[in-house]
Amino acid sequence: MDWSLILILLLMGAFGGFAAGLLGIGGGMVLVPFITMIFTAKHFPPEVVVHMAIATSLATIMFTSMSSVRAHHAHGAVRWDIVKLLAPGILLGSWIGPWLGKQMNSSALALFFGVFVAFSATQMLLGKKPAGSRELPGTPGLFAAGGVIGVMSGVLGAGGGFISVPFMSWCNVKIHNAVATSAALGFPIALAGTLSNVYFGLNAPNLPAYSLGFIYLPALAVIVAASVTMAPLGARTAHKLPVASLKKAFAIILYMLASYMLWKGLH
């Protein structure tokens with residue numbers, strides 16, 4: 001890689017890591033569109049560009065999650081009781097997600113990403129208050145919810161915060177706890193999803209050199225170097241911002257990135 005590309009990836013990793021800590025989104029919703037732009041500019045085969053962007057983004061979340069969750073845990077914000085109940089479904093769903101993504105071509109995958117992210121942003125921006133009596137479901141319900149979060153995260157290359165934060169908020173979990181808990185859930189999502197992307201991508205045709213399955217290792221290394229440094233700063237910032245600001249920031253970022261992926265899918 002040339003120095004200009006390394007610099008771009010470092011800046012992108014820093015931004016993604018900060019967003020991961022701030023919003024509990026694992027950075028993936030931020031990184032996938034940017035990585036797609038870079039891989040397209042580097043003339044990677046178009047039929048694997050979005051798949052590789054998603055897989056590489058998901059792999060970075062293993063490291064970003066560990067970095068940001070330490071800062072959230074120091075504030076006592078992580079609901080580990082919720083993590084334990086959601087994790088089994090998440091592990092199963094995150095393995096299935098990349099397999100489903102492999103069945104879609106790059107344009108369809110980009111459109112799916114854009115539509116779902118725009119929907120998630122709208123739900124967050126509307127900020128409908130949940131019923132005061134609404135609580136988290138029992139163990140079977142949380143297993144099912146974890147499965148849905150895992151599948152969608154595996155398909156889209158994100159840490160699950162775009163579903164898990166609104167879901168927990170809807171169930172009357174405080175927003176700061178929801179963001180922190182989502183950051184902790186990023187690790188099982190990324191672990192299972194990364195292993196799945198390696199397994200299902202090993203025999204994919206036309207992958208560039210230095211790929212491991214659908215993961216592009218040079219980009220992974222550079223992004224991780226920057227993101228793990230910035231994730232704790234984002235996490236600390238999250239505990240200094242009001243709830244309304246967190247939700248608005250979440251929604252605005254997602255709208256911008258959804259627009260690019262919709263454009264990519266249509267061209």
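- Qualifying ring pair (Phe, Tyr, Trp, His ring centres under 6.0 Å) partners for F187, counting only residues two or more places apart in sequence or in other chains: none.
- Note on residues 100-109: no pairs pass side-chain hydrogen bond (donor to acceptor under 3.5 Å, both in side chains), not counting sequence neighbours.
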(request) Could you give me the CA-CA distance, side-chain angles and deciding distance for I54 and F214, then say whether side-chain contact (heavy atoms from CB on, under 4.5 Å) is met? (result) CA-CA 8 Å; I54 286 172; F214 286 122; over 6 Å; no
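- In this structure T229 satisfies the side chain to side chain contact (heavy atoms under 4.5 Å, CB included) test with no other residue, sequence neighbours excluded.
- When atom types are taken as modelled, the side chain of S94 and the backbone of I90 share a donor-acceptor pair closer than 3.5 angstrom.
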(request) Determine, step by step, whether Y255 and I252 satisfy the side-chain contact (heavy atoms from CB on, under 4.5 Å) criterion, reporting the C-alpha distance in whole Å, the side-chain angles of both residues, the deciding distance to 0.1 Å, and the verdict. (result) CA-CA 5 Å; Y255 272 132; I252 290 171; 5.7 Å; no
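- Two residues are said to be in side-chain contact when any heavy atoms from C-beta on lie closer than 4.5 Å; N172 and E135 fail this criterion.
- Side-chain heavy-atom separations under 4.5 angstrom define the hydrophobic clusters, and the remaining members of the one that includes V115 are L111, L262, L266.
- Applying the salt bridge (Lys or Arg N to Asp or Glu O under 4.0 Å) definition to pairs two or more places apart or across chains, none involves residues 7-19.
- Heavy-atom minimum distance, V69 versus M66: CG1-O, 3.5 Å.
- Annotation: side-chain hydrogen bond (donor to acceptor under 3.5 Å, both in side chains) contacts involving residues 185-212, sequence neighbours excluded, comprise E47-N206.
- Between the side chain of H51 and the main chain of G101, a donor-acceptor pair closer than 3.5 Å is present.
- A donor-acceptor pair shorter than 3.5 Å cannot be found between the side chains of K174 and S169.
- Within the structure, side-chain hydrogen bond (donor to acceptor under 3.5 Å, both in side chains) pairs that include any residue of residues 8-19 do not occur (at least two apart or interchain).
- To the nearest 0.5 Å, atom CD1 of residue I6 and atom CD1 of residue I223 are 12.0 Å apart.
- Residues passing the side chain to side chain contact (heavy atoms under 4.5 Å, CB included) test with A74: none are found, sequence neighbours excluded.
- When the side chain to side chain contact (heavy atoms under 4.5 Å, CB included) test is applied to A87, no partner is found at least two apart in sequence or on another chain.
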(message) Evaluate I215 against L217 for side-chain contact (heavy atoms from CB on, under 4.5 Å), listing each step before the verdict.
(response) CA-CA 6 Å; I215 300 167; L217 295 176; 4.2 Å; yes
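- In this model, no donor atom of one side chain and acceptor atom of the other lie less than 3.5 Å apart for S227 and T60.
- Applying the ring pair (Phe, Tyr, Trp, His ring centres under 6.0 Å) criterion to F119, with sequence neighbours excluded, gives no partner residue.
- Counting only N and O atoms by type, the side chains of Y260 and T36 include no donor and acceptor under 3.5 Å apart.
- One hydrophobic cluster holds both M52 and L202 under the rule that ILVMFWY side chains link at heavy-atom gaps under 4.5 Å.
- Residues passing the ring pair (Phe, Tyr, Trp, His ring centres under 6.0 Å) test with F116, sequence neighbours excluded: F162.
- Placement of L91 and W99 in two distinct hydrophobic clusters is found when ILVMFWY residues are connected by side-chain heavy-atom separations under 4.5 Å, directly or transitively.
- Every residue meeting the side chain to side chain contact (heavy atoms under 4.5 Å, CB included) condition with L85, not counting sequence neighbours, appears here in chain and number order: T139, L142.
- Using cut-offs of 30° and 60° on the angle between ring planes, the pair W95 and F200 is tilted.
- Side chain of S153 to main chain of I189: no donor-acceptor pair is present (N/O by atom type, distance under 3.5 Å, no hydrogens or angles).
- Residues V32 and A53 approach most closely at O-CB, 3.9 Å, considering heavy atoms.
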